[in-house]
Amino acid sequence: MQDKPESGHALLRAAELLRGLNHARPAGLISVKRTLDGQLLALLDTAGKRVYTTRPLDQLVELLASGVGVLSELDPAQQGPSQRGVNLADESLHRLNWLIGARLGRDAGLAPWLDPMQTYRLLRWPDFGEIGSDPEGAELCKIIERHELGIATIVDTVQLAQHRVFGLLNSLSLCGVLTTGPAQPTGPAQPTADPAKKPRRSKSVPHSDGWLARLRQRLRWR
């Protein structure tokens, strides 16, 4: 078996932690810190599905893939002074999960928790308003929305590069909308998220914001 690139190893560790905490009850808080000096790069709120970050999300994924940034679960009981004068961009955790899944597909292939011999279908449409436009992802979602298909069949049907299909399936799984088993009969069709809907714009979260200020009081920031 061919060794995975180092970026695949680093990003896989991040993806597995995110996947575990995304399904945890209660949901957890995660920090992204620079390994060299412990500088905070981002704070992930898995309950609110938000990312408070000092970097654009694509740069944050690159830092995770290179091992420069590392995810770690925060202890809610930890106490410490808040950090002053820091403005963090408010981004979607759904979009971060989507980008991580896509990069993981390119660097490492299919996520290890997805069985290549299993069949998959769409549990519900991902929120492309949060994720951003992805026509190829929307097309794949249409295919597995009502049909339970094996991965090889999905690759043949969508006619995309294998690593791209792997990345999309990784992303759907991290976003919690990929499942196994046949679809159950339903009533009248419900409206689905518009793939063309533009994502909400990032906004700056001042350090005095109530939620973030209270959270910072619970965390020890370097």
Side-chain angles (χ1 to χ4, degrees), residues 1-25 27-28 30 32 44 46 49 51 57-58 60-62 64-67 69-71 73 92-128 130-132 134-184 192-193 195:
M1 182 175 179
Q2 185 178 1
D3 289 337
K4 295 176 182 177
E6 185 59 35
S7 60
H9 288 300
L11 201 59
L12 179 57
R13 289 193 296 269
E16 287 180 328
L17 177 59
L18 268 175
R19 177 175 176 264
L21 290 181
N22 282 341
H23 295 84
R25 295 292 184 272
I30 310 173
V32 184
L44 281 55
T46 60
K49 304 302 180 185
V51 180
L57 292 187
D58 57 345
L60 193 60
V61 172
E62 182 64 35
L64 290 170
S66 65
V70 62
L71 289 172
E73 187 175 1
S92 169
L93 183 58
H94 293 296
R95 176 158 177 77
L96 179 62
N97 283 332
W98 194 265
L99 293 175
I100 288 176
R103 178 62 183 268
L104 186 62
R106 191 189 81 183
D107 291 357
L110 191 68
W113 61 82
L114 296 178
D115 185 348
M117 304 305 295
Q118 181 62 274
T119 54
Y120 294 93
R121 65 176 176 84
L122 197 67
L123 179 64
R124 61 182 180 277
W125 270 76
D127 187 350
F128 284 106
E130 289 281 316
I131 292 168
D134 190 330
E136 292 177 343
E139 186 63 29
L140 187 147
C141 287
K142 290 178 183 178
I143 291 171
I144 62 173
E145 183 177 16
R146 296 188 181 279
H147 301 283
E148 181 191 8
L149 299 175
I151 292 177
T153 303
I154 295 172
V155 172
D156 290 340
T157 303
V158 298
Q159 297 185 347
L160 296 173
Q162 185 181 68
H163 72 84
R164 176 62 172 144
V165 175
F166 285 173
L168 289 170
L169 293 173
N170 294 344
S171 297
L172 291 169
S173 177
L174 284 172
C175 289
V177 297
L178 187 69
T179 189
T180 60
Q184 299 299 319
T192 58

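All residue numbers in this chain count up from 1 along the given sequence.
A heavy-atom distance below 4.5 Å is found between the side chains of Leu110 and Asn170. For the pair Leu174 and Trp113, the minimum side-chain heavy-atom distance is below 4.5 Å. Side-chain contact between Val32 and Leu71: present, with at least one pair of heavy atoms (C-beta onward) separated by less than 4.5 Å. Residues Ile144 and Leu172 form a side-chain contact, since some pair of their non-hydrogen atoms from C-beta on lies under 4.5 Å apart. The closest side-chain heavy-atom distance from Leu99 to Leu60 is not below 4.5 Å.
Considering only residues two or more places apart in sequence or on other chains, Thr179 meets the side-chain hydrogen bond (donor to acceptor under 3.5 Å, both in side chains) condition with none of them. Partners of Glu139 according to the side chain to side chain contact (heavy atoms under 4.5 Å, CB included) rule, which considers only residues two or more places apart in sequence or in another chain, are Lys142.
Between Ala10 and Ala65, the shortest heavy-atom distance links the atoms CB-O, 3.5 Å. Between Arg95 and Ile131 the shortest heavy-atom distance is NH1-O, 2.6 Å. In this structure, Trp125 and Ala138 approach most closely via the heavy-atom pair CH2-O, 3.6 Å. Scanning both residues, Ala102 and Ser171, for their nearest heavy atoms gives N-OG, 3.2 Å. Shown here for Leu57 and Ser92, the closest heavy-atom pair between the two residues is CD1-O, 3.8 Å. The shortest non-hydrogen separation linking Gly137 to Phe128 is C-CZ, 4.1 Å.
The CG atom of Leu11 sits 10.5 Å away from the CD atom of Glu16 when rounded to the nearest 0.5 Å. The CG atom of Asp127 sits 9.0 Å away from atom SG of Cys175, with the distance rounded to the nearest 0.5 Å. The distance from atom CD1 of Ile30 to atom CG of Leu93, rounded to the nearest 0.5 Å, is 7.5 Å. One distance of note links CG of Leu44 with NZ of Lys49; it measures 10.5 Å at 0.5 Å rounding. For the atom pair CG (Leu123) and OG1 (Thr180), the distance works out to 10.0 Å, reported to the nearest 0.5 Å. To the nearest 0.5 Å, atoms OG1 (Thr119) and NE2 (His147) are separated by 13.5 Å.
Put simply, the side chain of Ser173 never gets that close to the backbone of Leu178: no donor and acceptor are under 3.5 Å apart.
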With a 3.5 Å cut-off and sequence neighbours excluded, list the donor-acceptor pairs that the side chains of residues 151-167 form with protein atoms.
from   : atom 1 : to     : atom 2 : distance (Å)
Thr157 : OG1    : Thr153 : O      : 2.7
Arg164 : NE     : Glu136 : OE1    : 2.6
Arg164 : NH2    : Asp134 : OD1    : 2.8
Arg164 : NH2    : Asp134 : OD2    : 3.1
Arg164 : NH2    : Glu136 : OE1    : 3.2

